[in-house]
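As the structure lists them, so they are numbered: ligands from 1, and atoms in each ligand from 1. Atoms considered below: every heavy atom in the structure, side chains included; atoms not considered: hydrogens, waters and symmetry mates.
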Amino acid sequence: MRILLTGSTGQVGWELQRTLMTIGEVIPVGRELSSSGLFIDLSQPDTIRHVIREVQPDLIVNPAAYTAVDKAESEPELAMAVNGTAPGVIAEEAKHLGAGIVHYSTDYVFNGNHTTPYTEQDEPEPQNIYGKTKLAGEKALQAVGVPYLILRTSWVYSLRGKNFLLTMLKLAREREEIRVVADQVGAPTWSRMIAESTAQILSHGTQDLIGFLRSNSGIYNLTATGQTSWYGFAKAIFELDSKRNEHKLKKLVAIPSEQYPTPAKRPAYSSLDTQKIFSTFKLALPSWQRNLELVLS
Ligand SMILES: NC(=O)c1ccc[n+]([C@@H]2O[C@H](COP(=O)([O-])OP(=O)(O)OC[C@H]3O[C@@H](n4cnc5c(N)ncnc54)[C@H](OP(=O)(O)O)[C@@H]3O)[C@@H](O)[C@H]2O)c1
C-alpha cells in the first residue's frame, strides 16, 4: 500500500512517518522539494493535484495544517486556503484514484460553552479564524464522498516544534515567576500517541483498507483522556521536569484569560469525549498525565 503523507515536518506528521511504516510504503511530501522532485503547498491547489497524480497513493494522510492560531486572525485567506480548501482538493483527487483519506481536525471547532466533553454529535461553532477554517476543511472533505477518517485532537505537544510544553520548559529555566491561564480547560495530547493510535486504527483494515474506511467513515475524537487547564498542565510539567532538571522558577500563578489577551479567542472548555473511537476501534486512550510522564521521563 502506498501512503502519501503531508506535514511530515510537523509534530504529528513527524511521528506518523514511523508509525505508518507498519501499514505500507510511506511517501512524505512537504513544502521542500523532495529527492523525487515533488513538493506540496496546500495553499496552491495545483501542487496538491500534481503530487497526488504523480504518487498515485492508496491512502492520503494529511496532518499538515495552518496551525498558528493567533496569526490566522491576520491571515484568514491563507489559513482558509490551507485548512479549509485544501482538504476538499485532496478529497477530489483521492476520489479519482479510489484512495482513502485520514485527516486531522481540532477541538477549536467548538464554542467552549459546554461543561462536559463534546461528542462527535455536538454542533460545532468555532470562535476564531483557525477553528472556522478547520471546520470548513472537515466539510469540504466530507462533501466529496470519499472513504475517510477525520480525527479531531487537541492541545498537541511533543519534544519538537513549537508547543506549550517546550515553551514552559524554556520559561522554567529563565524566569522566577510564570503566569498561566487557568480558565481554559482541555486535554493535552502527545503527538506520538496520535500517530500510534492512527496506525493502530488503520491496522484493523489492512486486508481491505478502502472497505474499512468506507464502513467506518466519519469524525472521531482522538485525545488523551482526562482534562485540565493550561495552568494545571504547566504545574504538571514543572513538577515532573524539576525532578531531573534545575529550574529558576519559584512561583506559578494562575490567571484568568483576560489577563493574557491573544488575537484569537479560545474556547473556555474544549474537552472531547473519546467513547466513539474506543467503541469503534477498541482504542483505549491513555490519560494526559500518563503520557506526560512518559515524555518527561
Ligand atoms: N497543534 C495543536 O495544538 C493542535 C490542536 C488540535 C488539532 N491540531 C491539528 O492536528 C494536526 C497536526 O498538527 P501539528 O501540531 O502536528 O501541526 P504542526 O506541528 O504545526 O505542523 C504543521 C505541518 O503542516 C505543514 N504545513 C503548513 N502549511 C503548509 C502548506 N501551506 N503546505 C504544506 N504543508 C504545510 C508544516 O510544514 P512546514 O514545516 O513547511 O511549515 C508542518 O509540517 C493539524 O491538522 C492541526 O490542525 C493541532
Side-chain angles (χ1 to χ4, degrees), residues 4-17 19 28-34 38-52 60-72 75 77-87 89-90 101-110 112 118 124 126 128-138 140-141 148-167 184 186-195 197-198 219-224 230 233 262 264 266-267 270-272 288:
L4 174 63
L5 175 65
T6 67
S8 60
T9 51
Q11 299 187 86
V12 175
W14 176 259
E15 301 285 350
L16 281 167
Q17 292 187 85
T19 64
V29 183
R31 283 197 272 194
E32 297 281 312
L33 205 60
S34 73
L38 294 172
F39 79 99
I40 194 167
D41 181 345
L42 294 184
S43 68
Q44 306 292 330
D46 288 353
T47 70
I48 304 173
R49 295 191 192 282
H50 177 71
V51 162
I52 296 175
I60 301 166
V61 180
N62 182 43
Y66 182 112
T67 56
V69 176
D70 287 317
K71 208 170 166 204
E75 288 186 339
E77 290 87 8
L78 179 58
M80 186 56 90
V82 175
N83 293 346
T85 308
V89 177
I90 292 172
I101 300 181
V102 177
H103 178 69
Y104 296 85
S105 191
T106 173
D107 55 331
Y108 283 5
V109 296
F110 292 114
Y118 285 93
N128 55 41
I129 298 285
Y130 168 74
K132 285 178 186 157
T133 62
K134 291 296 291 183
L135 180 61
E138 291 183 2
L141 190 163
Y148 74 96
L149 302 177
I150 293 175
L151 305 175
R152 279 188 187 146
T153 190
S154 69
W155 296 26
V156 179
Y157 68 89
S158 65
L159 289 174
R160 52 180 287 127
K162 265 192 181 173
N163 60 67
F164 185 84
L165 169 70
L166 293 181
T167 303
Q184 291 170 26
T189 302
W190 186 18
S191 61
R192 182 171 295 179
M193 193 280 281
I194 299 169
S197 299
T198 303
I219 295 177
Y220 295 86
N221 295 337
L222 171 56
T223 66
W230 291 112
F233 186 27
T262 51
R266 265 81 170 166
S270 62
S271 245
L272 302 180
W288 69 266

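Separation of atoms CG (Leu141) and OH (Tyr148) is listed at 7.5 Å; rounding is to 0.5 Å. Atom OG1 of residue Thr85 and atom CD1 of residue Ile48 lie 8.5 Å apart, to the nearest 0.5 angstrom.
Here the protein heavy atom with the shortest distance to atom 16 (O) of ligand 1 is Val12 N, 2.9 Å. Among all protein heavy atoms, the one lying closest to atom 7 (C) of ligand 1 is Ser105 O, 3.3 Å. Of all protein heavy atoms, the one closest to atom 3 (O) of ligand 1 is Val156 N, 3.0 Å. For atom 31 (N) of ligand 1, the closest heavy atom belonging to the protein is Asp41 OD1, 3.0 Å. For atom 21 (O) of ligand 1, the closest non-hydrogen atom on the protein side is Gly10 CA, 3.2 Å. Residue, atom and distance of the protein heavy atom nearest to atom 32 (N) of ligand 1 are Leu42 N, 2.8 Å. The shortest contact between atom 12 (C) of ligand 1 and any protein heavy atom is with Pro63 O, 3.3 Å.
For the pair Leu38 and His50, the minimum side-chain heavy-atom distance is below 4.5 Å. Residues Phe110 and Pro267 are not in side-chain contact: their nearest non-hydrogen atoms beyond the backbone lie 4.5 Å or more apart. The closest side-chain heavy-atom distance from Tyr118 to Asp107 is not below 4.5 Å. When side chains are defined from C-beta on, Arg266 does not count as touching Trp230, because their heavy atoms never get closer than 4.5 Å. Residues Leu16 and Ser8 have side chains not in contact (no heavy-atom distance under 4.5 Å, counting atoms from C-beta outward). Side-chain contact between Pro63 and Leu5: present, with at least one pair of heavy atoms (C-beta onward) separated by less than 4.5 Å.
Residue Ala64 holds the heavy atom nearest to atom 23 (C) of ligand 1 of all those in Ala64, Gly30, Gly137, Ser43. The heavy atom nearest to atom 1 (N) of ligand 1, out of those in Arg31, Gln44, Gln11, is found in Gln11. Between the choices Ala86, Gly161, Ala65, Pro188, the shortest heavy-atom distance to atom 27 (C) of ligand 1 belongs to Ala65. When Val69, Thr153, Thr67 are checked for heavy-atom proximity to atom 6 (C) of ligand 1, Thr153 turns out nearest.
For ligand 1, one of its N or O atoms has an N or O atom of Tyr130 under 3.5 Å away. Between Lys134 and ligand 1, a contact under 3.5 Å exists for at least one N or O pair.
Atoms of ligand 1 found under 4.0 Å from any heavy atom of Ile40 (numbered from 1 in listed order, with element): 32 (N), 33 (C). Residue Val82 has at least one heavy-atom neighbour below 4.0 Å for each of these atoms of ligand 1: 31 (N). Applying the 4.0 Å criterion to heavy atoms of Thr9 picks out, from ligand 1, the atoms 36 (C), 37 (O), 38 (P), 39 (O), 42 (C), 43 (O).
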Query - Worked verdict on Ile90 versus Ile52 for side chain to side chain contact (heavy atoms under 4.5 Å, CB included) - result: CA-CA 8 Å; Ile90 292 172; Ile52 296 175; 4.3 Å; yes
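By the 30° and 60° cut-offs, the orientation of the rings of Phe233 relative to Phe164 is parallel.
Minimum heavy-atom separation, Ala72 to Ala79: CB-CB, 4.0 Å.
Heavy atoms of Trp155 come nearer than 4.0 angstrom to ligand 1 in at least one pair.
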